Amino acid sequence: MQSVFPEWLEKKKVVEDKKLPDLPNVEIGKVVMRLAPSPSGPLHIGHARMAILNDEYVKRYKGKLILRIEDTNPANIMPEAYKMIEDDLKWLEVDYHEVVIQSDRFELYYDTMEKLISMEKAYVATTPTEVFKAKRQQSIPIDERNDSSEANLRRWEKMLNGDFKKGEAYAVIKTDLTHPNPAIRDFIAFRIIEIPHPLKGKKYRVYPMMNFSVAVDDHFLGLTHVIRGKDHLANTEKQKYIFNYFRWPLPFYLHYGKVSIENSILKTSIIKKGIANGDFTGWDDPRLGTLLAMKMRGINPRAIRRYWVETGIGDVDIKFSWENLYAFNKHIIDSESPRHFFVVNPIRLELLLDEVVKVKMPIFPKKENGLFREYEIKKGEIFIAQDDYNKFMGQEVRLKDLGNFKLERDKLKFIDNDLSKIKQGIPIIHWIQSDFVDYQIIKPDGATDKGILEKNALNYLGKVNQLERYGYANLINEKLGYYTHP
RNA sequence: GCUCCGGUGGUGUAGUCCGGUCAAGCAUAUCGGCCUUUCGAGCCGACGACACGGGUCCAAAUCCCGUCCGGAGCACCA
């Protein structure tokens with residue numbers, strides 16, 4: 001015989017959260033993974049995927065997560081970004097256990113390169129790169145490729161000693177010049193950069209390229225699994241050559257698909273320019289796709305996590321869905337969001353009412369915490385939104401929690417307080433009579449809605465409020481809020 | 001152009017490796033109902049997809065070939 005509530009038990013199972021697939025070759029407690037951002041700016045919603053996926057797996061397997069900041073191109077570094085990235089990760093609740101900065105590891109890169117040259121797996125060239133590239137395209141080696149390791153080592157020393165200027169020499173890893181994919185053939189591992197590094201100044205002038213430093217660090221940091229975007233597919237192939245030359249064990253690689261994020265500005269170069277010339281208010285401008293902007297708008301980091309976990313690690317290219325993110329966010333914030341009225345483009349009307357009415361509206365209708373907004377409403381002025389005014393002109397409407405009124409050109413005339421009319425489909429609208437402030441809400445598209453907000457809402461600044469029939473908004477200060485989502 | 005990778009409803013995903021239980025599951029969106037003094041939330045229901053064409057097979061979303069479409073790499077960026 002079945003239990004009395006069999007369906008109750010079954011429901012629970014169905015609602016279970018979606019999970020990421022298991023990784024191969026895992027040993028609990030031994031997994032090591034990494035986050036490898038470059039400090040060119042703060043993180044955006046797309047970076048969050050990389051961070052969250054790695055974090056989820058490390059937590060599942062009780063492993064170690066390394067934050068490795070890839071600052072090997074001084075031209076592309078924003079000094080403040082080192083800290084901003086860490087702040088962004090903390091906000092996302094991504095728990096890394098160690099921070100490694102690549103610019104601290106030049107000696108390791110140099111040593112490793114020297115070994116490769118000695119092994120005749122790398123060479124140092126002074127041939128113009130245009131020639132190098134052209135020949136490589138035709139599978140033809142440049143002269144230095146066939147030089148002895150001694151000759152290449154001598155050039156390497158000269159390169160490190162500063163005997164070459166920028167552009168005069170570069171170091172190359174041999175792969176396979178006949179590789180069918182030209183993108184995989186011999187690649188540059190070091191170049192000379194003369195502009196100062198924000199952290200190291202002019203101490204170094206020979207800088208590793210990403211493919212070199214990544215391979216070396218992935219090995220010496222003991223990575224077991226690497227998850228990153230599939231734009232790195234060809235890079236992974238290149239990096240494997242270095243692993244193979246040293247017979248280092250390969251980590252397990254996983255490449256997820258490209259994400260295109262519409263209706264959002266993500267490129268740091270564009271954002272920087274926009275902030276500089278005043279188009280954007282800062283890195284947290286609500287029009288941007290940065291995590292700082294998400295935070296400002298009232299997107300909960302757990303919603304972002306759930307979004308990326310549900311999206312998973314597929315290698316198909318996807319379109320980011322704001323709609324889905326908003327839905328997750330709504331689930332998380334709804335019951336915690338105080339309710340208030342915000343009347344956009346208020347129309348002033350005469351309220352015709354015979355007696356004073358006391359209204360008492362719950363701030364948290366989902367909770368029984370006894371918090372209410374209370375007003376004594378009397379005849380006189382009242383405000384409703386212009387849209388409602390236009391839409392319901394001449395009709396009977398219900399002012400929420402107040403009563404039923406006839407909406408006429410310049411007035412609202414009391415009819416009755418018959419609640420059964422709600423069932424009959426009378427439109428319910430929100431309103432404000434007194435105790436309000438002028439307020440602006442900035443939307444993600446840059447538009448601004450102006451209106452009046454219940455003064456009581458100012459007790460909930462810094463929180464996402466549900467402005468009834470308008471949408472959710474994070475109330476930043478007593479004048480201005482950011483729209484979260486509908 | 002060369003070389004890779006991929007194409008399941010509007011969106012995201014499960015299933016594809018090891019063909020049958022998939023006349024395709026879930027989430028989100030949309031629509032309808034219930035509930036509710038929000039156009040919110042919750043509950044219930046509906047709608048809606050295996051890119052196309054061949055082939056193999058008793059049987060194909062799953063294997064093979066071709067076409068079309070999308071993406072990536074071919075940097076002294078990461």
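Below, chains carry the letters A, B, ... as their sequence lines are ordered, and counting in each starts from 1. This one's a predicted model, so the numbers in the text were calculated from it and none came from an experiment.
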How long is the line joining [atom1] of [X] and [atom2] of [N], in whole Å?
X	N	atom1	atom2	result
N404(A)	U37(B)	CG	C1'	10 Å
K367(A)	G42(B)	NZ	C1'	16 Å
R306(A)	U13(B)	CZ	P	15 Å
H430(A)	U36(B)	NE2	P	23 Å

Which is true for [X] with a 4.0 Å heavy-atom rule: it touches a base, it touches only sugar-phosphate, or it touches nothing?
X	value
N235(A)	base
K330(A)	sugar-phosphate
I318(A)	sugar-phosphate
H255(A)	nothing

Original post:
Does any nucleotide pair with A49(B) by Watson-Crick or G-U wobble geometry, both distances under 3.5 Å, and what is it?
Top reply: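 Result: none.
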Original post:
Taking atom P in both C50(B) and A23(B), what distance in whole Å separates the two?
Top reply: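 14 Å, rounded to whole Å.
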Measure from the ring center of [X] to the ring center of [Y] and say whether it is less than 6.0 Å.
X	Y	answer
H225(A)	Y253(A)	no
F190(A)	W156(A)	yes
F320(A)	Y307(A)	yes

**OP:** Answer yes or no: is there a side-chain heavy-atom contact under 4.5 Å between L453(A) and I432(A)?
**Re:**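 A side-chain contact under 4.5 Å is absent here.
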Original post:
Donor-acceptor pair under 3.5 Å: do we get one between E323(A)'s side chain and the base of G10(B)?
Top reply: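 Between G10(B) and E323(A), which were checked side chain against base, a qualifying N/O pair under 3.5 Å is present.
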Original post:
Looking at K319(A), does any N or O in its side chain come under 4.0 Å of the phosphate oxygens OP1/OP2 on G70(B)?
Top reply: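 For K319(A), the contact criterion (side-chain N or O under 4.0 Å from OP1 or OP2 of G70(B)) is not met.
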Original post:
Under 4.0 Å between a side-chain N/O of K230(A) and OP1 or OP2 of C5(B), yes or no?
Top reply: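 The answer is no; no side-chain N or O of K230(A) sits under 4.0 Å from OP1 or OP2.
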